[in-house]
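Since the structure comes first, as structure tokens, the remarks are kept for the end.
Since the structure is predicted, the reported quantities are computational estimates derived from the model, not experimental observations. Every heavy atom of this structure was used, including side-chain atoms; hydrogens, water molecules and symmetry mates were not.
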Amino acid sequence: MTNQQKDAEGWVYAIVCDQEKDRHYLGLYNEEKDVNFIPVFETREAAGDCFLSIPREKGNKYEIQALHIEELSEDAEKNCFVVPLFDGDGAIIK
């Protein structure tokens, strides 16, 4: 399956943090807009381009994973997060 096929079916890429027994999405906070968000990307390459510039906690393992946007959005909403789509340069697409 190509990246374009995944995108067409509602798949996005997010950074997942693996902490000891718990696995969760990497969430961030924007002070200026007072919003918690989980950055997602259209392609694995775009996520990889931004990976090093995203703040992370030392000692945790992170990986880029394909996730279905509906499932991710439901989890995010339950925890008061929004899910903006970013490009490889870190700019918000939507």
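Taking CG from Asp49 and CZ from Phe41, the interatomic distance works out to 9.0 Å, rounded to the nearest 0.5 Å.
Listed by first and then second residue, the side chain to side chain donor-acceptor pair (under 3.5 Å) pairs involving residues 64-86 are Tyr25-Asp75, Glu63-Gln65 (not counting sequence neighbours).
For the pair Cys50 and Gly90, the tightest heavy-atom approach, listed with the atom from each and the gap, is SG-N, 3.4 Å.
Under the side-chain contact (heavy atoms from CB on, under 4.5 Å) criterion, Asn36 pairs with Tyr29, Phe81, sequence neighbours left out. Applying the side-chain contact (heavy atoms from CB on, under 4.5 Å) rule to Ile92 yields the partners Pro84, Phe86; only residues at least two apart in sequence or on another chain are considered. With sequence neighbours left out, Asp87 forms a side-chain contact (heavy atoms from CB on, under 4.5 Å) with Asp89, Ala91, Ile93.
A donor-acceptor pair under 3.5 Å links the side-chain atoms of Arg56 to the main chain of Phe51, judged by distance alone. Distance alone, capped at 3.5 Å, places no donor-acceptor pair between the Arg44 side chain and the Tyr13 backbone.
The side-chain heavy atoms of Leu26 and Ile38, taken from C-beta on, include no pair separated by under 4.5 Å. Between Pro39 and Leu28 there is a side-chain heavy-atom pair separated by less than 4.5 Å. Contact annotation: the side chain of Glu42 approaches that of Leu85 to within less than 4.5 Å [non-hydrogen atoms, C-beta and beyond].
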